[in-house]
Structures are given as structure tokens and as C-alpha cells.
Visitor: 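My questions all concern the structure below.
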There are 2 protein chains.
Amino acid sequence: MDRIQTDMRTALAAQGQRWTRAREVVLAFLEGERMPVSAKEVFKKVRLTGINLASIYRSMDLFLEKGVVDCVDSPGGVRRYELSDRFRPHHHHVVCRECGSTQDVAGCGVKGLEERAAQSTGFKILSHQFTFVGLCPDCV
Amino acid sequence: MDRIQTDMRTALAAQGQRWTRAREVVLAFLEGERMPVSAKEVFKKVRLTGINLASIYRSMDLFLEKGVVDCVDSPGGVRRYELSDRFRPHHHHVVCRECGSTQDVAGCGVKGLEERAAQSTGFKILSHQFTFVGLCPDCV
DNA sequence: CTATGTGCAAAAGTTTTGCGTAAGA
DNA sequence: TCTTACGCAAAACTTTTGCACATAG
């Protein structure tokens, strides 16, 4: 068992929440991925474990709440999840307009804009999503 | 009839496509909005015209294809539409994590990053979506 | 043991599609 | 007139929820 899972287990135990098979499977899968994945994609790839799709959504909600994963709302209307900035360098994404495939773009380049946005809108800014939309090499 | 509608009508006519009541109603509505709206929001506000929700989606698809509107994929899984950069200053958005309300954030601040993203990923970059996620004054 | 989480199935919500008809040009 | 687009209804998809049962602690 690796560090993220140990941390997660401890954090959950502190609040009477449990480290279950579904949560372990989902988190382990996310740790092995380099790109954001949708709930359905996780479901298909862990099908042999018998974990239910609803449980994957519920696990993702828990991980989001704990700050262990971040989500990306992609053009195309499918939500994708990945390990959060706490465990990976902060970065952004490029999504293919045709096939929906997603890749990381290293770096940020937009830090410092949050404060300006907060001032001009009155919102309390919690995070940002910055996504390039384009065509992947296969779809050009 | 204003300029955008005239342009649109001409562009459609050139390809054997028609300027219909549904398209006129949807485009006119978008021209009157300052913030991105979902298909359902348009539908509710133009209900008295009898325009069908499916026709609103179809009109939006057409306008997207013609570059007359842009879409924003918001956290929460609802797609919103607004007049494109061709008719409004380029800008970005802030979305409330709780209620989904959306506001413009003036300016860009991320121009010049597209080329770097293209180089590092091999994608052809067509556009970008930059969204701040936070809490609106009502939801704080 | 006991409360929490899961599987299953149904529901909810958004977006798409097929088909017969209305209506632009 | 003749093709395009619309209305309607159903379907397709993603995500959420209720409930009885399983299971982690």
C-alpha cells in the first residue's frame, strides 16, 4: 500500500469513515493514470472487480471533498477526474474537440489572475480550470 | 434587424440553409444576454414563442459551427452558450460551485500560452476555456 | 454488533435523434 | 415546388438517489 492510500485511510478513520474495496480500487486506478479519466472509463477498466458504477461516482465525490482528486469538465459534457495538485504538479489540459482525448499541459501561467477575478466579480475564487481545445494529432 | 442577424442570414443563404423563426428567436435572445446561458434557460425564456427545446439545441449547434457562438462547459455538467469573440470582447468566466451562476471576467491574460501548449502536446489548438470556480456572493 | 458503504434498479437531468409535417426560398 | 428545418416523442447518456443487504471496524 502506498502513501496516498495510507493517508486517505487515516483521514477517513479519523471521521468514522471506512477504507473499502471500492475506494481502494478507484484510488489505485487513478494513481496509475497519467490523464484525467471519466467514471465510465474507470468502470470499464475495473469491471472484473465487480465495483458498481454508482460506487465509482460516490468514491469520486468523497475524494473530491477530501481534496485527493480534482475534476475537469471537458467539452463534450463528460466529467473527468485525476489526482489533485497535492500529489501531482499543478497543470492544465488540452482536449480534442473531435474525439475527446485529453492530455496534460505542464505548468500554469495563470497564477495571479485569481485575485483580479475575485475583485471584479465579488466571487470567492477556489480554483480554476484552464483547458485548451483543439485537434489531436489523429484528428487533424 | 441588426448586423449579426443580417450576416447570419447571408451566410446561411450562401449554402442553401434557411433563416427560420427558431434561429432568429435564439440568436436574438443571445444578443440580449450578457452572460452565458444554457439551452434550457433559453427555452424557458422564449417559451411563449413555441420554439421547441430540440430546435434550440439544433440552432446552437449551427451557430457554433458558424462561429457565431461559443460554448462553455461549466462544472455541474450544463453547457452554456454566448455570442462568440467575433461579436464581444474576448473574456473568461467565473462559475459558482454551489448554484452554477456564471459571470464574465474581463480580459484574457493567457494569450501566448496556446503556442506553448501546441508545442508540448502536438495538438492543433483552436481555442481555450478558462474558468474560475468559486462561490458567488449569495453562496459564500 | 452497529453504522457505514455497496450493489442494484429506478429516477433525474441533459442532449440527441427519427419521423412526419410545416414552411422557407 | 421541393428541400430544409421544426415539433414532437422517444432514445441515449451521464449522474444521482432510495433501499435492502453486506461489511469494515
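Quantities reported herein were computed from a predicted structural model and do not represent experimental measurements. The figures that follow rest on heavy atoms only: side chains count, while hydrogens, waters and symmetry mates do not. Chain naming here is simple, since letters A, B, ... match the order of the sequence lines and numbering starts at 1 in each.
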Visitor: Between A:G50 and B:R80, just flag the one whose closest nucleotide in DNA chain C comes earlier from the 5' side.
Guide: A:G50
Visitor: Round to a whole Å and report the spacing from CD of A:E65 to P of C:dT4.
Guide: 14 Å
Visitor: What is the distance, to the nearest angstrom, from the CD1 atom on B:I51 to the P atom on D:dA5?
Guide: 14 Å
Visitor: To the nearest 0.5 Å, what is the distance between OG1 (A:T102) and CZ (B:F123)?
Guide: 7.0 Å
Visitor: Between B:H92 and B:H128, what is the ring plane arrangement, given parallel below 30°, perpendicular above 60°, and tilted in between?
Guide: tilted
Visitor: In this structure, how many angstroms lie between the P atom of D:dT15 and the CG atom of A:L64, rounded?
Guide: 12 Å
Visitor: For B:I56 and D:dC8, what is the distance between atoms CD1 and P respectively, to the nearest whole Å?
Guide: 12 Å
Visitor: Sugar-phosphate means primed atoms, P, OP1 and OP2; the rest is base. With that split, encode nucleotides 16-25 of chain D 5' to 3' as B, S or - using protein heavy atoms under 4.0 Å.
Guide: BBB----BBS
Visitor: Look at A:K40 and D:dT14 and indicate whether a side-chain polar atom (N or O) is within less than 4.0 Å of OP1 or OP2.
Guide: yes
Visitor: Would you find more than 12 non-hydrogen atoms of other residues, nucleotides or ligands less than 6.0 Å from A:Q15 atom CD?
Guide: yes
Visitor: Round to a whole Å and report the spacing from CG of A:L12 to P of C:dG5.
Guide: 8 Å
Visitor: Would you say B:K124 has more than 12 foreign heavy atoms packed within less than 6.0 Å of its NZ?
Guide: no
Visitor: Quick check: does any side chain N or O of B:D7 sit under 3.5 Å from a backbone N or O of B:T10, one acting as donor and the other as acceptor?
Guide: no
Visitor: Could you tell me whether a side-chain N or O of A:Q103 sits under 3.5 Å from a main-chain N or O of A:C96, the two making a donor and an acceptor?
Guide: no
Visitor: In whole angstroms, how far is the P atom of C:dA3 from the CD atom of A:Q15?
Guide: 18 Å
Visitor: Whole angstrom is fine here: how far is it from CG in B:N52 over to C1' in C:dG18?
Guide: 14 Å
Visitor: Nearest whole angstrom, please: distance from the P of C:dT15 to the CG of A:D73.
Guide: 12 Å
